[in-house]
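Accompanying notes for the structure given below.
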Amino acid sequence: MKTPIMDFVRGYAASGTSRFHMPGHKGVPFLGAEPYDITEIYGADVLYSADGIIDESEKNASMLFGTAHTFYSAEGSTLAIKAMLTLAASSVEKDKRAVVWACRNAHKAFIYGAALIDIDVEWIYPEDESHLCACFVSPARLRAKFERAERLPCAFYVTSPDYLGNVADIRALADVCDDFGVPLLVDNAHGAYLGFLSPSSHPIVLGAAACCDSAHKTLPVLTGGAYLHIGKNAPASFCENARHALSLFASTSPSYLILQSLDMCNAYLSDGYREKLGDCVKRIESAKIRLAELGFAPEESEPLKIVLHTAQYGYTGTELGSFLHAHGIEAEFCDDEYLVLMASPENSEKDFARLLSAFAELLPREPLEQKPFVLEKGRQMMSIRMAFFAPSENVPVSECEGRICAFPTVSCPPAIPIAVCGELITSDTATLFARYGMKMISVVKKFQKTY
């Protein structure tokens, strides 16, 4: 597959052209990548009004992913999420407020998008509370909610896969949304590879109207490289207005290094990636079997994650994360209950051997006492936007009960807010703040009106 962006930049770097344009390094290799780091010079196209080499590269990606169009983001899924919300909200009549239904385990980028666009969110809470990252919602429950609704939302938003590797029944959820004429939006940040499994389980293939993929999370793409995919079943306005929606929140100076990385990834995906991915999945499955033999059976999860509920085996995830770090292994995520490892075809046999060798030194212990997880349904006292932009102050967790959350205080990963902007903080909320190691919370100043 052609790589038009990369080909252009290589030619430019080799041309010896005098660079009287940005950036200031002028192609001199201080780090090494500078000769390929350019701006929107003649022939390089412009990301948010692309009609040249960027558009050609995006069309290659669209063919690979089976989309109506795939748009590039040089600012991660964070940008794509905000664009998706903008596209959904633009369909709402001007005299009505946009409302999105969303599973509660949404990334904070979703909250920021809601604040900036000024949309309302009706949260759907998990049917089986187990962890901040998880929020299972069955198609039957979603259908029943649609049937009871006096007013339909402009979109239904779900995160799948989530940080713990849980995967929603996207096809069934999409069928329900289609029955009610509501677009399904999917935060697929962790699942860019899903379209290359056999069979494909990518959200667009399964019926989502739009989704974001963080290419850099599971594909060989530089950090910040992501996709906004528009499905062939999406409203026509989604494709027509996507670049405008992206440009609303994006830098006018997108990284051409990231764009080249996305461009090169097309060639990578088209040349044997399915086989590489299949081999990697088999290697991970073998590692999971060996871990189970060692007494650490992984949880069921999406194929490229190894998820351990460490508390079952007498360890906190943080404890095992530190243990692995001492053995030259870095985990993706750990907390007081879980350890998450993310792999890709670029992980070597040596990587897996090192991981299994480290676990062979451990013995399971008596399970840790499990703290009950209670995510109380939030009481919205102010709109998300109003609280987000209200005068605020930071207070200790011990003093936050009864206050209104101003800014979502949360670590990244997993970047999932315990309390959302404008919600009343209760004793249960404060307990969760403390459980996840938060010491100071941003709250609305008391003199701020709450209407």
Side-chain angles (χ1 to χ4, degrees), residues 75-86 88-90 92 94-125 132 153-154 157 159 187 245-252 374-451:
E75 297 168 60
S77 282
T78 293
L79 174 58
I81 288 168
K82 293 172 183 174
M84 283 197 294
L85 292 178
T86 301
S90 65
V92 178
K94 291 184 179 179
D95 61 337
K96 295 182 179 179
R97 287 188 60 80
V99 179
V100 172
W101 290 356
C103 295
R104 182 63 187 213
N105 62 336
H107 191 278
K108 65 180 179 180
F110 174 88
I111 309 299
Y112 298 163
L116 291 169
I117 303 165
D118 193 18
I119 62 175
D120 294 327
V121 179
E122 185 172 332
W123 295 106
I124 300 179
Y125 287 78
L132 184 63
C154 62
Y157 182 94
T159 301
D187 177 351
L246 288 162
S247 66
L248 184 62
F249 305 102
S251 168
T252 54
V374 179
L375 184 61
E376 188 175 28
K377 291 185 179 181
R379 182 182 172 191
Q380 201 77 30
M381 307 298 290
M382 306 170 66
S383 73
I384 291 175
R385 180 181 176 85
M386 185 179 291
F388 191 91
F389 290 107
S392 63
E393 58 186 341
N394 290 326
V395 300
V397 167
S398 60
E399 300 175 14
C400 70
E401 184 179 347
R403 303 295 297 273
I404 297 172
C405 178
F407 195 80
T409 305
V410 62
S411 61
C412 184
I416 298 168
I418 293 171
V420 172
C421 314
E423 286 184 349
L424 182 69
I425 298 173
T426 66
S427 60
D428 285 339
T429 312
T431 298
L432 278 183
F433 282 145
R435 174 173 173 176
Y436 284 94
M438 300 173 193
K439 300 184 184 302
M440 302 293 290
I441 305 299
S442 174
V443 298
V444 175
K445 284 190 176 180
K446 287 186 176 181
F447 63 78
Q448 183 71 20
K449 293 181 180 180
T450 58
Y451 57 83

Would you please name every residue forming a side-chain hydrogen bond (donor to acceptor under 3.5 Å, both in side chains) with Arg379, sequence neighbours left out?
none
For Pro408, give me all partners under side chain to side chain contact (heavy atoms under 4.5 Å, CB included), at least two apart in sequence or on another chain.
Ile111, Tyr112, Pro417, Cys421
Which residues pass the salt bridge (Lys or Arg N to Asp or Glu O under 4.0 Å) test with Arg403, sequence neighbours left out?
Glu393
Taking side chain to side chain contact (heavy atoms under 4.5 Å, CB included) as the test, write out the residues that go with Ala419, two or more places apart.
Cys405, Glu423, Thr429, Phe433
Residue set satisfying side chain to side chain contact (heavy atoms under 4.5 Å, CB included) with Ser442, at least two apart, ordered chain then number -> Ser392, Asn394, Ala406, Phe407, Thr409
Taking all non-hydrogen atoms of both residues into account, name the closest pair between Ile117 and Ala89 and its distance.
CG2-CB, 4.2 Å
Tightest non-hydrogen contact, residues Arg104 and Ile418, listed as NH2-O, 3.1 Å
My understanding is that only residues two or more places apart in sequence, or in another chain, count here; which of them pass side chain to side chain contact (heavy atoms under 4.5 Å, CB included) with Ala109?
Thr78, Ile81, His107
What pairs meet the salt bridge (charged side-chain N to carboxylate O under 4.0 Å, His left out) rule with one or both residues in residues 112-121, with sequence neighbours excluded?
Arg97-Asp118, Arg97-Asp120
Which residues pass the salt bridge (Lys or Arg N to Asp or Glu O under 4.0 Å) test with Glu399, sequence neighbours left out?
none
Using modelled atom types only, decide if a donor and an acceptor are shared between the side chain of Arg435 and the backbone of Ala430 within a distance under 3.5 Å.
no
Going by the rule side-chain hydrogen bond (donor to acceptor under 3.5 Å, both in side chains), which residues pair with Thr159 if we only count those two or more places apart in sequence or in a different chain?
none
Please name all residues satisfying side-chain hydrogen bond (donor to acceptor under 3.5 Å, both in side chains) with Glu376, sequence neighbours left out, ordered by chain then number.
Thr426
All heavy atoms of Ala115 vs all of Phe389, minimum pair found to be O-CE1, 4.0 Å
Taking only residues two or more places apart in sequence or in another chain, which ones pass side-chain hydrogen bond (donor to acceptor under 3.5 Å, both in side chains) with Trp101?
Glu122
